[in-house]
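Below, chains carry the letters A, B, ... as their sequence lines are ordered, and counting in each starts from 1. Values reported hereafter were calculated over all heavy atoms of this structure, with side chains retained and with hydrogens, waters and symmetry mates removed.
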There are 2 protein chains.
Amino acid sequence: MKLADIGEFALIQKLKEIAERTNPPAALVMGIGDDAAAWKSEPGLTLASTDCLVEGVHFTMETTNWYDLGWKSLAVNLSDIAAMGGRARYALVTLGLPRTVEVEGIMQLYSGMAELGKKHGVSIVGGDTSAASCIFINLSIIGNSSEKIMTRTSARPGDKVAISGYLGVAAAGWKLLQQDHLQNQDSPLIRAFLKPQPRLDTGELLLAEGVKTAIDISDGLIADLAHVCRQSKVSATIQTSQLLLHSEATKLFGKHTALEMALTGGEDYELLFCAEEPVINRVKARSNVSISIIGEITDDKRGNVNLVNEDGSAMILNAAGWQHFA
Amino acid sequence: MKLADIGEFALIQKLKEIAERTNPPAALVMGIGDDAAAWKSEPGLTLASTDCLVEGVHFTMETTNWYDLGWKSLAVNLSDIAAMGGRARYALVTLGLPRTVEVEGIMQLYSGMAELGKKHGVSIVGGDTSAASCIFINLSIIGNSSEKIMTRTSARPGDKVAISGYLGVAAAGWKLLQQDHLQNQDSPLIRAFLKPQPRLDTGELLLAEGVKTAIDISDGLIADLAHVCRQSKVSATIQTSQLLLHSEATKLFGKHTALEMALTGGEDYELLFCAEEPVINRVKARSNVSISIIGEITDDKRGNVNLVNEDGSAMILNAAGWQHFA
């Protein structure tokens with residue numbers, strides 16, 4: 001059954017039923033089905049972010065299934081709230097869809113979103129659907145933070161630079177998928193690319209322990225750290241030997257390529273943060289994901305990211321992360 | 001200069017400068033440039049809505065300019081907040097853009113949004129930009145309401161049905177544009193289609209005067225009233241002679257076609273609301289746009305919209321509004 005067979009309003013009814021599996025909280029006054037969603041405001045700060053996945057740019061239907069695509073489209077948005085240290089609460093979902101898309105696929109897409117939403121207490125409360133010549137999925141997330149947030153502008157010379165988890169894993173997974181679309185989808189590398197885990201708990205922990213500076217790694221370590229450095233008017237030095245590389249990535253692609261993926265790969269949705277070392281040590285003691293110190297912030301105001309090899313020599317890289325339109 | 005010439009980050013910097021003309025309120029803690037926007041929460045209810053315009057579906061670049069497109073993309077979203085009786089506050093803007101688009105066009109798009117935002121106290125505080133094969137513009141609006149909202153579920157038998165302004169004007173403008181793309185763009189019909197005025201003041205007035213039921217007319221009078229009737233489990237009877245038709249539309253297309261446009265045209269972004277007659281009379285006395293009573297709610301639970309001619313006979317129409325994918 002294709003979208004053209006059932007039309008917009010019947011589709012919305014089906015999606016509403018799946019969205020309602022996300023267990024709308026008691027604070028929700030109006031969910032899907034009216035002109036706008038409405039809920040009782042929480043005191044403190046409201047956070048809001050939006051992120052879009054576009055067919056042929058962020059994904060292809062040859063290398064993902066609808067369920068994973070739904071999961072990922074919510075995950076990349078939750079990651080932005082995680083980077084601020086906030087709690088994600090409500091999602092608005094816009095779908096641009098060709099008329100020939102199967103209804104079942106869109107229901108799977110929504111199921112993937114609903115599953116991840118349920119895991120993190122996020123409810124799908126509204127959206128828009130439109131005919132379009134290519135598939136796109138835009139989500140907006142609204143969340144809360146009690147009083148403070150982490151930003152990109154607060155890194156200070158002497159801060160250590162730390163990350164959660166492994167880097168370059170999603171890039172390795174994407175490379176595998178490009179080599180062979182029928183790859184074993186149970187590979188941890190491919191799972192990391194298709195179904196990232198947003199670090200909401202880690203973000204809340206960082207904020208609670210006094211971290212002031214964080215960003216999620218979507219464009220790649222160097223590109224995202226450069227955002228922090230430029231916006232904080234500092235520079236950073238990274239000890240490349242301190243980066244945790246995934247054993248599967250080094251086994252399949254060699255240490256050199258795995259390191260390059262960790263530096264520039266993007267889409268890992270781990271958190272990069274900067275703080276004084278005792279703060280990071282407190283985080284380490286309480287975190288349920290690995291936390292590695294990989295470098296430090298320096299007082300060069302030009303916003304540079306300097307890479308240092310194990311022997312202390314400077315490492316030079318060509319590519320420095322993903323940028324649209326370029 | 002095309003997007004491919006300057007890349008994503010330089011584009012974002014240019015758009016940030018235009019967005020900041022929307023005068024971010026004191027409550028804003030973080031605008032464009034971090035992982036998420038953040039602001040001090042307002043007490044009461046938070047409202048959120050999202051709406052997308054897609055090239056080839058909602059607009060063509062042959063019949064609009066970038067500035068008007070920006071205006072309209074915000075206007076259609078503000079209209080959803082108006083229909084709830086809320087105040088719109090913050091906007092997130094997602095742009096899907098081919099690499100060959102002119103940077104100047106996108107800046108004009110943002111200027112159109114910023115201009116309308118400024119008029120209604122709405123700030124652009126975040127967004128996402130992505131390469132895409134077709135142009136799409138998705139906005140999410142977050143607003144507030146002190147305590148109550150208007151919904152689609154609260155119409156009661158005996159309520160009168162009323163609308164703000166004229167209907168069918170945008171449809172007449174669209175027809176003119178289809179006939180001749182080089183039409184005089186000063187025509188009030190074409191302006192209504194390209195640059196609709198969201199009825200935020202009217203929405204707030206309705207809520208303040210005790211109206212409980214409202215919807216904005218985006219799909220067409222019959223289609224949108226049918227949403228209200230189905231969701232409220234009532235029916236409605238419309239006296240078609242009570243509909244205000246625009247003199248320009250009747251002059252150009254004749255009374256019959258102008259009436260058909262008013263009933264099914266869509267995109268007028270006027271407010272349709274239901275309330276007891278004394279409530280509507282209080283609204284009329286305070287409103288700065290015309291308010292017409294056009295029919296009433298009946299106790300037939302099937303959600304039908306019945307049309308009655310001036311002589312009391314039933315009017316039968318074929319088309320009943322716009323639906324995607326169908």
Between [X] and chain B, with a heavy-atom cut-off of 4.5 Å, which part of the residue counts as in contact: side chain, backbone, both or neither?
X       : value
N138(A) : side chain
E42(A)  : backbone
A82(A)  : neither
I142(A) : side chain
I149(A) : side chain

Rounding to 0.5 Å, atoms CD (E267(B)) and OG (S79(B)) come to a distance of 10.5 Å
[options]: which one forms the most heavy-atom pairs within less than 4.5 Å of chain B?
options                           : answer
G126(A), S140(A), G143(A), G44(A) : G44(A)
L45(A), V125(A), V93(A)           : L45(A)
D80(A), T151(A), T46(A), N77(A)   : T46(A)
C52(A), A83(A), S133(A), P43(A)   : C52(A)

Contacts of H227(A) meeting ring-ring contact (aromatic ring centres under 6.0 Å, His included) (sequence neighbours excluded), chain-then-number -> F9(B)
Taking every heavy atom of I81(A) against every heavy atom of R87(A), the minimum-distance pair comes out as CG2-C, 3.8 Å
Listed by number, the residues in residues 24-33 of chain A that come under 4.5 Å of chain B (heavy atom to heavy atom) are V29(A), M30(A), G33(A)
T50(A) side chain vs G127(B) backbone, donor-acceptor pair below 3.5 Å:
no
(Q) Test your reading of the model: is there a side-chain donor-acceptor pair from D5(B) to the backbone of M1(B), 3.5 Å cut-off? (A) no
